[in-house]
Amino acid sequence: MTAENKVPRKTRKGVGRFTYFANPPAAGLSGHQKSKADTAGCRPGSVPVWRTGDDMQRVTRISSNSFTGLMPSEEVLNAPDAWEILEARAADEARPTLGLDLAATAGRLLFPAFQPAPDLRSAIARLSDEVAEQRPWEKLELCREGDVWALRRRFLDGRAIRRRQEAELGIAGLVLHLTTAIDPDWSPVEVHFQHARPADCSRHAEVLGAAVLFAQEHDSIYLSDRVVRGAVRLRARDQKTDAGFTLWSEPTLSARVRAEIRCQISSGEPRLEVVADALGLSSWTLQRRLANEGEVFSDIVGEMRRDLSMFLLSQVHLPVAEIASMLGYSEPSAFSRVCRRWFGLSPTLIRAGHIATSNRTTRI
């Protein structure tokens, strides 16, 4: 096994027991301690602008039988609430792989064409700046992890676990976009998703062409060092004008705190100082600025754990033990105790209520 095929593994409490590969990984993909990340580029955009004007509900007119009809436009995909529309459409059509199915036709609409650059690393850094201008709640960052590089696509508003369709559309679209800069036959070393494991993962392996893991800290595409340092193939850049552009605000501080907590929550109790450091602030400054928004760090952690608990328990294919691990609890019994304290019911009874509601809806 060559060095370029080795992806380091973090030792996260419990989660490793439930790591799932959408297709069997090549030998040697596990068992490496992560080195300190060497982050490239990824500065946040200063003034977020993008084209607007289309009715976002156009995405719901996609044919339920095929995707050869009307596709979601660039304006739809770059809108703040696009993820909600995609999730609703997937539920209405009972099409859990909607994001992956759209990737071939709509995925590249999310990302500008690569600019000329001496190597792929530099090209990705420039791409990340453009993405930050278009979608200020999103961040691309290229980080060194041992012998490979992780291209992370991060949502800065803390709702990543509910954004399955947009996450899968974006990552699959980014993989296809990278082939234009690398090679038409290129495929990632590995792909990670932050959201929970779906009931059926066969489509992921088919579309992404790599081992796929779920319930990870970030949505990431892993690339070899040779590819990252290699030359960039370019296609013609899209010609766009500034007509019809509007301004959108960046995520609030409390939203960004939620995003950082979401990344840490499966490893145990999220720590104020770690979140503050990730945001480039001191602990005192973070507490003060949260107070200005009427928020308290510990309350945000508790709120996120409660919301995530209820959401994950509605995913009936996930074992309770796996959910407990994803939320940072060392034992299912600890998760059961907090569920009784929060909701007055055990996880099993909460899930039974979701199943009963689902059955009534199906009969209607």
Side-chain angles (χ1 to χ4, degrees), residues 2-10 29 32-46 103 107-108 110-156 160 166-183 186-194 208-213 216-235 237 256 259-260 262-264 277-280:
T2 62
E4 72 176 28
N5 289 328
K6 295 180 180 178
V7 177
R9 291 281 178 267
K10 273 195 172 184
L29 284 179
H32 298 272
Q33 184 176 4
K34 178 179 177 181
S35 64
K36 184 176 181 180
D38 172 22
T39 304
C42 311
R43 299 182 303 276
S46 56
R108 288 193 181 98
L110 287 168
F111 305 104
F114 284 104
Q115 298 185 42
D119 53 31
L120 184 62
R121 181 181 181 181
S122 301
I124 289 174
R126 294 180 183 181
L127 177 68
S128 71
D129 290 339
E130 294 190 62
V131 168
E133 290 180 350
Q134 290 180 343
R135 298 185 296 278
W137 56 86
E138 180 180 329
K139 181 179 181 181
L140 293 181
E141 56 185 9
L142 184 64
C143 304
R144 185 69 180 262
E145 295 189 11
D147 297 321
V148 295
W149 294 79
L151 176 55
R152 299 172 180 168
R153 181 177 184 241
R154 299 183 59 190
F155 298 119
L156 303 181
E166 185 186 18
E168 293 183 356
L169 167 60
I171 287 293
L174 189 53
V175 167
L176 293 173
H177 194 51
L178 285 166
T179 64
T180 68
I182 302 171
D183 184 272
W186 171 83
S187 60
V189 175
E190 195 167 286
V191 174
H192 291 187
F193 285 111
Q194 193 177 27
L208 297 167
V212 182
L213 287 78
Q216 303 300 303
E217 287 192 5
H218 303 284
D219 296 333
S220 304
I221 301 168
Y222 281 86
L223 306 94
S224 69
D225 186 67
R226 174 183 58 81
V227 165
V228 169
R229 299 184 185 280
V232 179
R233 299 169 62 250
L234 296 176
R235 64 182 176 91
R237 288 182 60 82
R256 296 187 64 195
E260 294 298 333
R262 176 66 192 92
C263 294
Q264 296 182 31
D277 184 65
L279 297 177

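All values below come from the heavy atoms of this structure, side chains included, with hydrogens, waters and symmetry mates left out.
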Colleague: Is a donor on one side and an acceptor on the other found under 3.5 Å between the side chain of H177 and the backbone of P112?
Modeller: yes
Colleague: Roughly how far, to the nearest 0.5 Å, is CD of E138 from CG of L156?
Modeller: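 Between atom CG of L156 and atom CD of E138 there are 8.5 Å.
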Colleague: If the threshold is 4.0 Å, N to carboxylate O, is there a salt bridge linking R152 and E145?
Modeller: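 Salt bridge present between R152 and E145.
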Colleague: Got a sec, which residues hit side chain to side chain donor-acceptor pair (under 3.5 Å) with D119, two or more places apart in sequence or on another chain?
Modeller: S122
Colleague: Are the side chains of H218 and C263 in contact, using a 4.5 Å heavy-atom criterion?
Modeller: yes
Colleague: Can you give me the closest heavy-atom contact between I171 and S220, atom names plus distance?
Modeller: CD1-N, 4.3 Å
Colleague: Return the minimal non-hydrogen interatomic distance between A117 and V232, and the atom names on each side.
Modeller: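 Shortest heavy-atom contact: O-CG2, 4.4 Å.
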Colleague: Kindly indicate whether the side chain of V175, heavy atoms from C-beta on, has any atom under 4.5 Å from the side chain of P188.
Modeller: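 They are in contact (side-chain heavy atoms under 4.5 Å apart), so the answer is yes.
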Colleague: Out of curiosity, S224 OG to D147 CG, how far, rounded to the nearest 0.5 Å?
Modeller: 10.5 Å
Colleague: Donor-acceptor pair, distance only, cut-off 3.5 Å: does the side chain of Q194 make one with the backbone of E217?
Modeller: yes
Colleague: Show, in sequence, the C-alpha distance, side-chain angles and deciding distance for F155 and K139, and conclude whether the side chain to side chain contact (heavy atoms under 4.5 Å, CB included) test is met.
Modeller: CA-CA 7 Å; F155 298 119; K139 181 179 181 181; over 6 Å; no
Colleague: Working to the nearest 0.5 angstrom, can you tell me the gap between E133 CD and S128 OG?
Modeller: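 Result: 10.0 Å between the selected atoms.
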Colleague: Given the rule in the side chain to side chain donor-acceptor pair (under 3.5 Å) test, do E190 and H192 qualify, once you have shown the distances and angles that lead to the verdict?
Modeller: CA-CA 7 Å; E190 195 167 286; H192 291 187; 2.7 Å; yes
Colleague: Does some side-chain heavy atom of Q216 sit less than 4.5 Å from a side-chain heavy atom of F193?
Modeller: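 F193 does not reach Q216 side chain to side chain.
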Colleague: Do L178 and L151 have side-chain heavy atoms sitting under 4.5 Å apart?
Modeller: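 Counting from C-beta outward, L178 and L151 do come under 4.5 Å.
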Colleague: Listed by chain and number, what are the side chain to side chain donor-acceptor pair (under 3.5 Å) partners of E260, not counting sequence neighbours?
Modeller: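 E260 satisfies side chain to side chain donor-acceptor pair (under 3.5 Å) with R154 only.
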Colleague: Rounded to the nearest 0.5 Å, what separates atom CG in L120 from atom CZ in F114?
Modeller: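 These two atoms lie 6.0 Å from each other.
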Colleague: I want to check something: taking the side chain as every heavy atom from C-beta on, are E130 and Q115 in contact at a cut-off of under 4.5 Å?
Modeller: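 Of all side-chain heavy-atom pairs linking Q115 with E130, at least one is under 4.5 Å.
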Colleague: Counting N and O atoms only, with roles assigned by atom type, does the side chain of R144 sit under 3.5 Å from a partner on the main chain of A150, one being a donor and the other an acceptor?
Modeller: no
Colleague: When you look at V148 and D225, which way does the side chain to side chain contact (heavy atoms under 4.5 Å, CB included) test go after all the steps?
Modeller: CA-CA 5 Å; V148 295; D225 186 67; over 6 Å; no
Colleague: Taking atom CG of L223 and atom OG of S187, what is their separation to the nearest 0.5 Å?
Modeller: 10.0 Å
Colleague: Please examine the side chains of W137 and R256, heavy atoms only from C-beta on, and report whether any two atoms are closer than 4.5 Å.
Modeller: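 Side-chain contact under 4.5 Å: no.
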Colleague: Using the ring of F111 (Phe, Tyr or Trp, six-membered ring only), decide whether R135 places NZ or CZ under 6.0 Å from its centre and within 45 degrees of its axis.
Modeller: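 Yes; both conditions hold, so R135 lies above the ring face of F111.
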Colleague: Do the side chains of L140 and I124 get nearer than 4.5 Å, heavy atoms only?
Modeller: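 I124 vs L140: side chains apart.
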Colleague: Considering non-hydrogen atoms only, spot the tightest contact between L176 and A103 and give its length.
Modeller: CD1-O, 3.6 Å
Colleague: So, taking the atom named CH2 in W149 and the one named CZ in R229, what distance separates them when rounded to the nearest 0.5 Å?
Modeller: 5.0 Å
